[in-house]
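Right, one structure below, let's go through it.
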Amino acid sequence: MYVIITYDVNERRVGKICKKLKAHLTWTQNSVFEGEVTKGPFLKCRQEVESIININEDSIYYYIVENPKHIRKEIIGEEKGQFDCFF
């Protein structure tokens with residue numbers, strides 16, 4: 001499945017959420033991660049993220065696409081999230 005996750009969390013939790021999502025998905029913009037993942041790792045990621053947030057203050061949006069062939073992505077401007085090489 002292909003997953004897009006967006007979040008709006010208190011700044012005290014941003015780093016923790018970002019770190020958890022980076023372990024499973026690709027960062028594409030501020031507060032946006034996406035990528036192809038199987039159900040097991042996705043559920044683990046979701047559980048980890050939801051253990052960090054405060055449901056009274058924060059929000060997480062999951063967009064789950066069962067068939068990634070149905071996604072057409074168009075990017076205007078510089079594409080981010082292409083950090084495969086670190087020095």
Side-chain angles (χ1 to χ4, degrees):
M1 74 178 82
Y2 198 85
V3 179
I4 301 168
I5 300 176
T6 66
Y7 59 91
D8 184 6
V9 300
N10 185 294
E11 65 185 70
R12 290 175 291 170
R13 291 180 285 278
V14 167
K16 290 180 183 177
I17 295 294
C18 189
K19 185 177 177 181
K20 288 294 177 188
L21 292 175
K22 277 184 182 176
H24 300 280
L25 300 167
T26 302
W27 174 77
T28 55
Q29 284 192 322
N30 291 340
S31 305
V32 180
F33 283 80
E34 66 181 57
E36 195 157 345
V37 64
T38 59
K39 188 174 182 177
F42 171 67
L43 293 175
K44 180 181 179 194
C45 174
R46 186 174 175 154
Q47 184 179 29
E48 291 171 350
V49 166
E50 291 175 8
S51 71
I52 296 169
I53 66 168
N54 178 337
I55 59 170
N56 296 318
E57 292 182 28
D58 306 329
S59 62
I60 308 289
Y61 284 44
Y62 300 102
Y63 300 93
I64 301 164
V65 181
E66 296 295 336
N67 187 347
K69 292 179 181 176
H70 294 140
I71 295 176
R72 189 176 90 201
K73 182 177 177 179
E74 296 180 3
I75 300 167
I76 307 298
E78 181 182 358
E79 182 175 6
K80 296 182 178 178
Q82 302 297 319
F83 300 106
D84 293 331
C85 184
F86 288 97
F87 295 100

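Because the structure is a prediction, the values reported are computed rather than measured.
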Looking at [atom1] of [X] and [atom2] of [Y], how far apart are the two atoms once the value is rounded to the nearest 0.5 Å?
X	Y	atom1	atom2	answer
C18	K16	SG	NZ	13.5 Å
T38	L43	OG1	CG	9.0 Å
K20	E48	NZ	CD	4.5 Å
N10	N56	CG	CG	12.0 Å
H24	E36	NE2	CD	15.5 Å

Can you hop from [X] to [Y] via hydrophobic side chains spaced under 4.5 Å?
X	Y	result
I64	L25	yes
I75	V32	no
I17	I55	yes
Y7	V37	yes
F42	I71	no

Steps toward side-chain contact (heavy atoms from CB on, under 4.5 Å) verdict (I60, I53) = CA-CA 9 Å; I60 308 289; I53 66 168; 3.9 Å; yes

Could you go through the side-chain contact (heavy atoms from CB on, under 4.5 Å) check for C45 and L21 one step at a time?
-> CA-CA 7 Å; C45 174; L21 292 175; 3.6 Å; yes

Y63-Y2 aromatic ring centre distance below 6.0 Å |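 Not close enough - the centres of the two rings lie 6.0 Å or further apart.
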
Can you tell me if OH on Y62 sees more than 12 non-hydrogen neighbours from other groups inside 6.0 Å?
->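 Buried by this count: over 12 neighbours within 6.0 Å.
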
Which heavy atom of E34 sits nearest a heavy atom of I4, and at what distance?
->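 Looking at all heavy atoms of both residues, the closest pair is CB-CG1, 3.9 Å.
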
Audit row: S59, D8, side-chain contact (heavy atoms from CB on, under 4.5 Å) steps and yes/no = CA-CA 5 Å; S59 62; D8 184 6; 3.7 Å; yes

Heavy-atom side-chain contact between R13 and D58 under 4.5 Å = yes

